[in-house]
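For reference, the structure is listed below as structure tokens.
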Protein chains: 2
Amino acid sequence: MEFELIDRYFTPLSHGLATDELGIGDDGAIMTPPAGHQLVVVTDTSIAGVHFPHGTSAFDMAWKALAVNLSDLAAMGAHPAFYSLALTLERYDQAWLQDFASGLAALAQQVSHQTLNGFLPLIGGDTTRGLLSITITAHGWVKTGSTLRRNGAKPGDVIFVSGHLGEGGLGLQMALAGQQTESLATAAALAKLNRPEPRVALGLALVDLATSAIDISDGLLADLNHILQASSVGAELNMLSMPITDSVKAWSAADPIKPLVAGDDYELCFTLDPANIQRAMQISAQLGLKLSRIGVVSDSLGIRIDGKCLTQFTETSGNGFSHFASQ
Amino acid sequence: MEFELIDRYFTPLSHGLATDELGIGDDGAIMTPPAGHQLVVVTDTSIAGVHFPHGTSAFDMAWKALAVNLSDLAAMGAHPAFYSLALTLERYDQAWLQDFASGLAALAQQVSHQTLNGFLPLIGGDTTRGLLSITITAHGWVKTGSTLRRNGAKPGDVIFVSGHLGEGGLGLQMALAGQQTESLATAAALAKLNRPEPRVALGLALVDLATSAIDISDGLLADLNHILQASSVGAELNMLSMPITDSVKAWSAADPIKPLVAGDDYELCFTLDPANIQRAMQISAQLGLKLSRIGVVSDSLGIRIDGKCLTQFTETSGNGFSHFASQ
């Protein structure tokens with residue numbers, strides 16, 4: 001079964017390599033590093049029922065499994081280069097596999113302009129029988145020494161976030177509740193959950209500009225905290241500056257911090273020297289992507305929102321910060 | 001949980017990178033390609049109860065999950081470089097994780113002499129909750145254009161195999177039957193099953209020497225057939241030349257072809273111009289590794305053993321070729 005499955009659905013995603021390169025079909029793939037570049041490697045596993053609500057389509061599962069990896073590459077400022085797929089399947093379902101392969105192809109096509117050679121090939125992997133699970137290892141190229149990292153934020157830097165916050169979280173709640181898309185706004189939230197758009201072009205534009213960057217998969221506050229800890233700094237945030245749509249505001253009316261701790265947004269959070277704010281605004285206009293200035297890096301450790309300290313960090317709950325200090 | 005788990009058990013396996021490289025701790029890892037080299041990427045998923053008999057120790061599972069990937073790198077003639085790990089766990093068991101990390105460390109140490117910089121780091125990955133499953137993506141370096149491939153076998157080439165055949169299969173049968181190690185010979189078969197030694201040094205020695213190579217994970221005949229199909233040639237094999245130990249002979253007395261179709265051996269099968277036989281024998285002596293000349297490449301398609309054709313190829317059974325032609 002395995003060879004037919006791979007030939008039929010996945011080998012087509014591997015085409016277009018250079019003559020001295022090799023995709024699917026030998027013991028391994030062979031890829032040529034561009035001169036003066038380093039390799040960036042990211043890996044994410046997605047398990048049905050854990051990382052996808054039951055009922056998620058094969059197309060959307062494939063899209064998102066690849067998107068979360070490309071989002072990590074984006075946060076490093078890397079050109080996506082190629083990816084491998086380890087797929088564990090309960091059974092051999094042709095319609096499902098076709099839909100799944102289409103999801104990979106659609107996202108690969110969408111980011112093809114951000115690659116160095118115009119396409120993003122699947123270069124190999126493994127298929128096994130078991131509970132549905134998708135592990136993608138994505139590879140990117142960065143000019144040697146030019147990677148975006150988490151550890152360069154400096155006091156006085158401004159803090160930006162792309163897109164809107166909390167839409168993935170709202171979409172997840174709707175999906176878990178089995179809700180239909182009642183309006184354009186809720187449809188948008190579901191789309192953000194199911195087909196997040198990795199901010200690859202933004203990450204590339206931020207190389208040599210941002211002092212630090214991270215992608216928001218665990219919620220803004222938890223992921224910003226990774227930057228702050230790696231950089232040994234703190235942050236002062238402004239709640240009114242947070243990019244939150246009306247539908248997310250309505251969803252989070254009882255707990256306004258919810259959009260800042262909900263995961264699944266796959267936006268980028270980054271820091272900049274204030275002298276570069278104008279360049280960031282130009283990038284925003286060029287990419288047609290909203291960039292919001294949400295606060296400033298401080299030399300006082302911790303995160304403060306409108307002057308109030310966040311104290312309780314409950315990592316195991318899946319939410320980053322769950323409460324303000326009582327004062 | 002995840003951060004503590006990673007810091008405690010896996011970050012130590014990531015140490016020793018160059019200053020412009022990055023292992024565990026950011027959105028992705030950053031690795032520097034050596035000048036004039038291409039990247040080889042291999043991926044294998046191992047699922048408990050499918051790829052490991054129940055009762056396999058965490059140490060052995062880790063060793064084997066890494067070994068099967070290094071075996072694929074060996075078959076390409078690559079220097080192992082680094083690997084990522086996607087680990088799905090049912091629960092957080094410290095003793096299990098410690099044993100698992102020790103298995104990775106032990107094999108990484110064993111192949112450290114075949115790397116370009118003296119060690120094989122774990123560079124990242126993902127941990128998730130679910131049924132136990134291990135996906136490793138291993139990366140290697142080859143000099144540009146010097147990779148071992150499957151497609152270069154030519155009529156008249158001699159066919160070699162390393163080590164012994166069928167020991168993995170015998171070990172698996174013993175493990176499934178819950179047999180104790182009754183003798184040194186059966187202990188050796190269980191060791192081959194649980195801690196296969198990837199033939200990395202052999203693969204490196206065969207670069208620019210062998211005309212084709214593959215690792216034997218699905219049984220000699222099935223994997224040799226991949227070489228033959230990729231090279232559009234056939235093979236004439238000699239049963240008496242097959243490297244089979246007395247204990248495996250006893251195990252396969254009723255079905256002498258069993259050692260040639262049993263999987264889990266992780267030896268290399270390769271083809272050579274006959275002018276290079278002497279060099280192969282020197283490599284065998286240098287590595288202290290048995291190399292057996294088992295046949296010759298023919299321009300007549302198919303596999304013949306002692307002149308008889310193999311006709312029935314039953315891929316789904318897990319065995320490669322299961323029967324001789326009735327003639």
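Just so we're on the same page: letters track the sequence lines, and every chain starts at 1.
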* How far apart are the C-alpha atoms of B/Leu39 and A/Leu39, what are their side-chain angles, what is the distance that settles it, and do they pass the side-chain contact (heavy atoms from CB on, under 4.5 Å) test? -> CA-CA 10 Å; B/Leu39 177 70; A/Leu39 177 70; 3.6 Å; yes
* Identify which part of B/Ile30 has an atom lying under 4.5 Å from any heavy atom of chain A, answering side chain, backbone, both or neither. => both
* To do: Supply the atom-to-atom distance B/Asn151 CG to A/Asp26 CG, rounded to the nearest 0.5 angstrom.
  => 7.0 Å
* Can you say whether B/Ala213 sits under 4.5 Å from chain A via the side chain, the backbone, both, or neither, judging by heavy atoms? -> backbone
* **Residues B/Thr135, A/Asp126; criterion side-chain contact (heavy atoms from CB on, under 4.5 Å); working and verdict** => CA-CA 9 Å; B/Thr135 296; A/Asp126 194 14; over 6 Å; no
* Which bit of B/Ile47 comes within less than 4.5 Å of chain A, counting heavy atoms only: side chain, backbone, both or neither? -> side chain
* **Part of A/His139 within contact of chain B (heavy atom distance under 4.5 Å)** => side chain
* Side chain from CB out, backbone as N, CA, C, O: work out which of these in A/Leu22 comes under 4.5 Å of a heavy atom of chain B, or both, or neither. => side chain
* **Side chain, backbone, both or neither of A/Leu131 within contact of chain B (heavy atoms, under 4.5 Å)** => side chain
* Asked: Between B/Ile227 and chain A, which part of the residue has a heavy atom less than 4.5 Å away: side chain, backbone, both or neither?
  -> neither
* Side chain, backbone, both or neither: which part of B/Thr45 has a heavy atom under 4.5 Å from chain A? -> both
* Between A/Thr147, A/Asp223, A/Leu85, which has the largest tally of heavy atom pairs under 4.5 Å with chain B? -> A/Thr147
* For the residue pair A/Arg150 and B/Asp27, establish whether any side-chain heavy-atom pair is separated by less than 4.5 Å. => yes
* Asked: Is there a side-chain contact between A/Val40 and B/Met31 (heavy atoms, below 4.5 Å)?
  -> no
* Asked: Can you say whether B/Val50 sits under 4.5 Å from chain A via the side chain, the backbone, both, or neither, judging by heavy atoms?
  -> side chain
* Might you work through the side-chain contact (heavy atoms from CB on, under 4.5 Å) test for B/His51 and A/Thr128, ending with a clear yes or no? => CA-CA 10 Å; B/His51 301 88; A/Thr128 46; 3.5 Å; yes
* To do: Against chain A, label B/Ser84 side chain, backbone, both or neither, depending on which of its atoms sit under 4.5 Å from a heavy atom there.
  => side chain
* Asked: Given that the side chain runs from C-beta out, which part of B/Ser46 has a heavy atom under 4.5 Å from chain A: side chain, backbone, both or neither?
  -> neither
* Top residue by heavy-atom pair count (under 4.5 Å) with chain B, among A/Thr32, A/Asp72, A/Val42? -> A/Asp72
* Asked: Just by modelled atom types, is the A/Gln38 backbone N or O under 3.5 Å from a matching donor or acceptor in the B/Glu21 side chain?
  -> no
* **Heavy-atom pair with the smallest gap, counting every atom of A/His37 and B/Pro33** => O-CD, 3.2 Å
